[in-house]
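Let me begin by presenting the structure, written as structure tokens, before commenting on it.
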Amino acid sequence: MLSYLAKDHEIIRNVLKYRGLAKLKSTYVDALPEQVLERTGHIHTEYMQTVASTGRLSSNNPNLQNIPIRTERGRQVRKAFVPRNEEYILLAADYSQIELRVIAAMSEEETMIEAFKNGEDIHASTAARVFNVPLEDVTREQRGNAKTVNFGIIYGVSAFGLSNQTDLSRTEAKELIETYYETYPKLRKYMSAQVDFARDHGYVTTVSNRRRYLKDINSRNTIVRGAAERNAVNAPIQGSAADIIKIAMINIYNKLAEGGFKTKMLLQVHDELVFDVYKPELETIKSLIKEEMENAYALNVPLDVEMDTGVNWLEAH
DNA sequence: TCAATCACG
DNA sequence: ACGTACGTGATTGAA
């Protein structure tokens, strides 16, 4: 509501600005130095394996999966995460668009699979198709709207939700969603098949057969049932991505141990792994990690991993 | 103890 | 007519 009103009132913009700064100060700047363990000189997060209903990890005490990156002041916090000493460098390895690749693979949507096989910018590619323009004529706005739909689809967005998230009217949003499904017809089939499966069985599954039970899937309350139906679509996507990165983590852990490497795996942030790399091992480690992450699980689309190094976590992105 | 807010993917 | 995009954790302030 305040974001909505901000355009008309300076005081509301200032309230939001203050809150943003207060958040950074209380949650990160003040709190994190208190979390340094005296014995090691490091912050030690705790990973929970049985909290998130989709199979993701969660992180607490402190949460290191929500370190700021979206604002300039927030990025200054991320800079504080550094290698153990000057003989080491941080390496961040991210799965590129893993959830969209998973939904493309599970739905066997050929057009989207082809786009990934060709190494296309999926949001631009989607924009070109749904707005029916050549790839090189896609505007920033069109790509932005296509990106919002691509993400929204994974969550089961409505025309109302999409219009709130973009500058499109409800009617335009509805048309865009319809065109999207005409562009990627197997996606709609897949989503409705997941909901049907959930109605019959009471659960849905990921690529490695992790289940999420959906007790509300046959509820007579349309609101409650609608939420369960979105869960039926989203959980296999988010959960399969979680399965894949967990397999990669196990294989990387074993490879690091077998190879007697000094490099250590430090953090997991859902589609990203962060390593403290012993500099002489860097080139070996980079190819090892890329190989293990991209081949952790064979889908009918390629997985792509982007990596970068830096003297701090911000620079490694 | 809970809801609201806001940090992340 | 209704409500309206998934998954988390930390902090704050009121109940």
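Note on naming: letters A, B, ... go to the chains in the order of the sequence lines (proteins, then strands), and numbering restarts at 1 for each one.
- At a threshold of 4.0 angstrom between heavy atoms, the contacts of Ala242(A) with the nucleic acid are absent.
- Here Gly226(A) lies out of heavy-atom contact (under 4.0 Å) with every strand.
- Between Arg199(A) and Glu229(A) there is a side-chain heavy-atom pair separated by less than 4.5 Å.
- Residue Arg230(A) places at least one side-chain N or O under 4.0 Å from the OP1 or OP2 atom of dC6(C).
- Atoms CG (Leu162(A)) and P (dT4(C)) sit 16 Å apart, rounded to a whole Å.
- As judged by a 4.0 angstrom heavy-atom cut-off over every strand, Ser158(A) is placed among the base-contacting residues.
- If you measure from atom CG of Asn164(A) to atom P of dT4(C), you get 11 Å, rounded to the nearest angstrom.
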For this session: Treat a base pair as Watson-Crick or G-U wobble with both distances under 3.5 Å, then lay out DNA chain C in dot-bracket form, 5' to 3', with | for cross-strand pairs.
Result: .....|||||||||.
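- In this structure, Leu37(A) places its CG atom where more than 12 heavy-atom neighbours from other residues, nucleotides or ligands lie under 6.0 Å away.
- Nucleotides dC2(C) and dA7(B) place their C1' atoms 32 Å apart, quoted to the nearest Å.
- Residue Asn231(A) has its side chain nearest to dC6(C) when only dC6(C), dA5(C), dT11(C) are considered.
- The distance from atom CD1 of Ile103(A) to atom C1' of dG7(C) is 15 Å, rounded to the nearest whole Å.
- When hydrophobic clusters are built by joining Ile, Leu, Val, Met, Phe, Trp and Tyr residues whose side-chain heavy atoms come closer than 4.5 Å, directly or via intermediates, Tyr47(A) is grouped together with Val269(A).
- There is no side-chain donor-acceptor pair under 3.5 Å between Ser53(A) and Tyr213(A).
- Residues from residues 42-76 of chain A lying near DNA chain B, meaning a heavy-atom separation below 4.0 Å, are Arg56(A), Gln65(A), Asn66(A), Ile67(A), Pro68(A), Ile69(A), Arg70(A) in numerical order.
- Thr166(A) and Thr148(A) share no donor-acceptor pair across their side chains, judged by distance under 3.5 Å alone.
- Side chains of Glu272(A) and His317(A): a donor on one and an acceptor on the other come within 3.5 Å.
- Protein atom CD of Gln268(A) is 15 Å distant from nucleotide atom C1' of dG9(C), rounded to whole Å.
- Near DNA chain B, meaning a heavy atom under 4.0 Å from it, residues 172-210 of chain A has no residue at all.
- Under 3.5 Å, the side chains of Gln268(A) and Gln65(A) contain a donor-acceptor pair of N or O atoms.
- Comparing the P positions of dG3(C) and dC6(B) gives a spacing of 24 Å, expressed to the nearest Å.
- Taking atom CD on Gln35(A) and atom C1' on dT11(C), their separation rounds to 13 Å, with Å as the unit.
- If you take CG on Asn85(A) and CD1 on Ile89(A), they are separated by 12.0 Å, rounding to the nearest 0.5 Å.
- Counted by atom type alone, Glu141(A) and Asn145(A) present zero donor-acceptor pairs between their side chains at under 3.5 Å.
- Atom pair Asn221(A):CG and dT4(C):P shows a separation of 11 Å (rounding to whole Å applied).
- One C1' atom belongs to dA5(C), the other to dC2(B), and the distance between them is 24 Å to the nearest Å.
- Between the C1' atom of dA7(B) and the NZ atom of Lys25(A) lies a distance of 17 Å, rounded to the nearest Å.
- Within 4.0 Å of Leu16(A), counting heavy atoms only, lie sugar-phosphate atoms of the nucleic acid but no base atom.
- As judged by a 4.0 angstrom heavy-atom cut-off over every strand, Gln165(A) is placed among the base-contacting residues.
- Side-chain atoms of Asn150(A) and Tyr180(A) form a donor-acceptor pair, as typed in the model, at a separation below 3.5 Å.
- For Glu10(A), the CD atom is loosely surrounded, since the number of other residues' heavy atoms within 6.0 Å does not exceed 12.
- The phosphate of dG7(C) (OP1 or OP2) has a side-chain N or O of Arg212(A) nearer than 4.0 angstrom.
- Between Gln238(A) atom CD and dA5(C) atom C1' there is a gap of 12 Å when expressed in whole angstrom units.
- Using a 4.0 Å heavy-atom distance criterion, Ile154(A) is classed as making no nucleic acid contact.
- Atoms CG and OH, on Asn66(A) and Tyr28(A) in that order, are 3.5 Å from each other to the nearest 0.5 Å.
- Within a 6.0 Å sphere centred on NZ of Lys290(A), heavy atoms belonging to other residues, nucleotides or ligands number more than 12.
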